[in-house]
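The analysis underlying the following values was restricted to heavy atoms, covering all of them including side chains, and did not include hydrogens, waters or symmetry mates. Bear in mind that the values here come from a model prediction, so they are computed numbers and not experimental data.
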Amino acid sequence: MAEEKGEGPEDVDTIGIYVGGRNVDGERHGEGWAVLPNGDFYQGCYCRGMRSGKGLYVFKNGARYEGEWRKAMKYGVGQMIYPDGSRYEGDWRHDLKQGFGAYYYPNGDIYEGAWFKGKRHGLGTYFLAEYQIKFMGTWVEGVIEGPGQIIYPRVRYHGSWLRGKPKGPGCFVFDTNCMQHGFYLLMKDPAFEEYGEGEEEKEDKEVKEERPEEGGEEEIEIDETLGKIAVWRARNVTAYMAEFLPPEPVPLPVHDSIPSLSEESIETDIIQFEMPSVVAEEEGGDDSDSWLMHRQKFLEETEQKG
């Protein structure tokens with residue numbers, strides 16, 4: 001995936017070129033800049049020989065990270081720009097996107113919400129630029145799962161998703177104050193049908209899938225969405241009533257502590273790296289669209305429900 005390029009630990013920078021402060025043990029300490037043996041460049045703060053505090057890292061493939069570091073890892077708040085032009089602004093932990101952040105894709109799509117260990121995980125919104133529609137719901141390890149809604153220009157769909165596909169009861173809410181109730185079924189996708197396969201062979205194949213080989217201790221999880229498409233079945237139309245809406249998505253619990261970033265870090269007034277602005281880029285824009293404003297709201301809601 002494009003968002004993975006440039007992430008991960010860098011080469012050990014014990015050789016290379018370094019200009020900056022050192023401690024009594026000769027380790028890089030304080031402000032400085034370095035050119036690594038692999039061609040990467042870093043300018044910022046060090047602590048006991050490791051990048052720690054604020055700094056700018058430019059990768060040889062064109063990616064660049066500007067933000068906070070801890071023990072030579074991206075840790076805290078920072079912005080990553082990838083070679084394909086996409087960028088991520090938000091929280092990091094152990095070189096991975098974790099916490100709240102916004103990812104801007106080259107095609108204009110935008111994901112804004114929760115991350116965990118480098119994947120979309122928890123509450124979030126995804127804007128599809130080509131179709132001008134927005135999905136609001138929950139992700140589990142990078143896949144849409146659970147309650148959510150799709151916002152079209154003149155209609156909304158409220159329902160539930162299973163592994164990225166709508167499934168079960170839901171309703172369409174129109175701007176004319178009416179609702180269409182129904183449900184999504186997962187039906188076999190004709191495009192996945194195997195040509196020339198007889199009914200007998202299909203039955204044998206299904207039996208083999210249901211019965212794992214003897215001696216195996218692990219149960220094989222069957223993906224019921226594989227080779228299927230979601231088909232809508234309408235039931236009736238009523239006037240709009242909020243009590244008829246399906247449950248709203250809720251934050252997912254994440255059991256992972258976040259240590260203080262101030263531990264073993266260097267503060268400096270010489271090298272300045274400004275935080276992402278909370279002011280709208282375009283004149284007359286809405287400040288509430290800023291990822292940083294949304295991040296603060298996300299953290300407050302998570303703390304209240306925790």
Novice: When you measure from the centre of the six-membered ring of Tyr65, is the NZ or CZ of Lys74 closer than 6.0 Å and no more than 45° off the axis?
Specialist: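 Lys74 over Tyr65 ring: yes.
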
Novice: Before you tell me yes or no, could you show the steps for Trp69 and Tyr42 under ring pair (Phe, Tyr, Trp, His ring centres under 6.0 Å), namely the whole-Å CA-CA distance, both residues' side-chain angles and the distance that decides it to 0.1 Å?
Specialist: CA-CA 12 Å; Trp69 297 81; Tyr42 174 77; 5.7 Å; yes

Novice: Can you confirm whether Ile133 sits close enough to Pro153 that some side-chain heavy atom of one is under 4.5 Å from a side-chain heavy atom of the other?
Specialist: yes

Novice: With a 4.5 Å limit on heavy-atom distance, are the side chains of Cys171 and Pro246 in contact?
Specialist: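 Counting from C-beta outward, Cys171 and Pro246 do come under 4.5 Å.
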
Novice: Give a yes or no on whether the ring-centroid distance for Tyr82 and Tyr103 is below 6.0 angstrom.
Specialist: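 Yes: the rings meet the under 6.0 Å criterion.
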
Novice: For Arg163, enumerate each residue passing the salt bridge (charged side-chain N to carboxylate O under 4.0 Å, His left out) test, keeping only those at least two apart in sequence or located in another chain.
Specialist: Glu221, Asp223

Novice: Can you tell me if Glu141 has over 12 outside heavy atoms packed within less than 6.0 Å of its CD?
Specialist: no

Novice: How long is the gap from CE on Met73 to CZ on Arg93, to the nearest 0.5 Å?
Specialist: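 Separation between the atoms: 9.0 Å.
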
Novice: His158 side chain to Leu245 main-chain N or O, any donor-acceptor pair under 3.5 Å?
Specialist: no

Novice: Provide the closest heavy-atom pair for Tyr46 versus Arg28 in the form atom of the first, atom of the second, distance.
Specialist: CB-O, 3.5 Å

Novice: Less than 6.0 angstrom separating the ring centers of Tyr111 and Tyr105, yes or no?
Specialist: no

Novice: For Arg154, give me all partners under salt bridge (charged side-chain N to carboxylate O under 4.0 Å, His left out), at least two apart in sequence or on another chain.
Specialist: Asp175

Novice: Pair up each side-chain donor or acceptor in residues 227-242 with any protein partner under 3.5 Å, not counting sequence neighbours, and list the distances.
Specialist:
from	atom 1	to	atom 2	distance (Å)
Lys228	NZ	Glu224	O	3.4
Trp232	NE1	Gln180	OE1	3.0
Thr238	OG1	His181	NE2	2.8

Novice: Taking atom NZ of Lys97 and atom OH of Tyr88, what is their separation to the nearest 0.5 Å?
Specialist: 7.0 Å

Novice: With distance as the sole test, does Tyr18 use its side chain to make a donor-acceptor pair with the main-chain N or O of Gly21 at under 3.5 Å?
Specialist: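 Present.
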
Novice: Kindly state each residue pair satisfying side chain to side chain donor-acceptor pair (under 3.5 Å) with at least one member in residues 125-140, sequence neighbours excluded.
Specialist: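 Every side chain to side chain donor-acceptor pair (under 3.5 Å) pair that includes a residue of residues 125-140, provided the two are not neighbours, is Asp109-Tyr126.
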
Novice: Could you please spell out the steps behind the salt bridge (charged side-chain N to carboxylate O under 4.0 Å, His left out) verdict for Lys60 and Asp40?
Specialist: CA-CA 5 Å; Lys60 61 183 178 182; Asp40 292 354; 5.8 Å; no

Novice: Ignoring hydrogens and angles, state whether a donor on the side chain of Gln79 or Glu89 is under 3.5 Å from an acceptor on the partner side chain.
Specialist: yes

Novice: Starting from Leu252, walk the hydrophobic network (Ile, Leu, Val, Met, Phe, Trp, Tyr; side-chain heavy atoms closer than 4.5 Å) and list everyone else you reach, by chain and number.
Specialist: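 Other cluster members: Val140.
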
Novice: Does any part of the side chain of Lys167, heavy atoms only, come nearer than 4.5 Å to the side chain of Ser160, both counted from C-beta?
Specialist: no

Novice: For the residue pair Phe135 and Tyr157, is the inter-centroid distance of their aromatic rings smaller than 6.0 Å?
Specialist: no

Novice: Could you pull out all residues at least two apart from Arg156 that satisfy side-chain hydrogen bond (donor to acceptor under 3.5 Å, both in side chains)?
Specialist: Gln149

Novice: Over all heavy atoms of both residues, which pair between Arg120 and Trp115 is shortest? Give the atoms and the distance, please.
Specialist: N-CE3, 3.7 Å

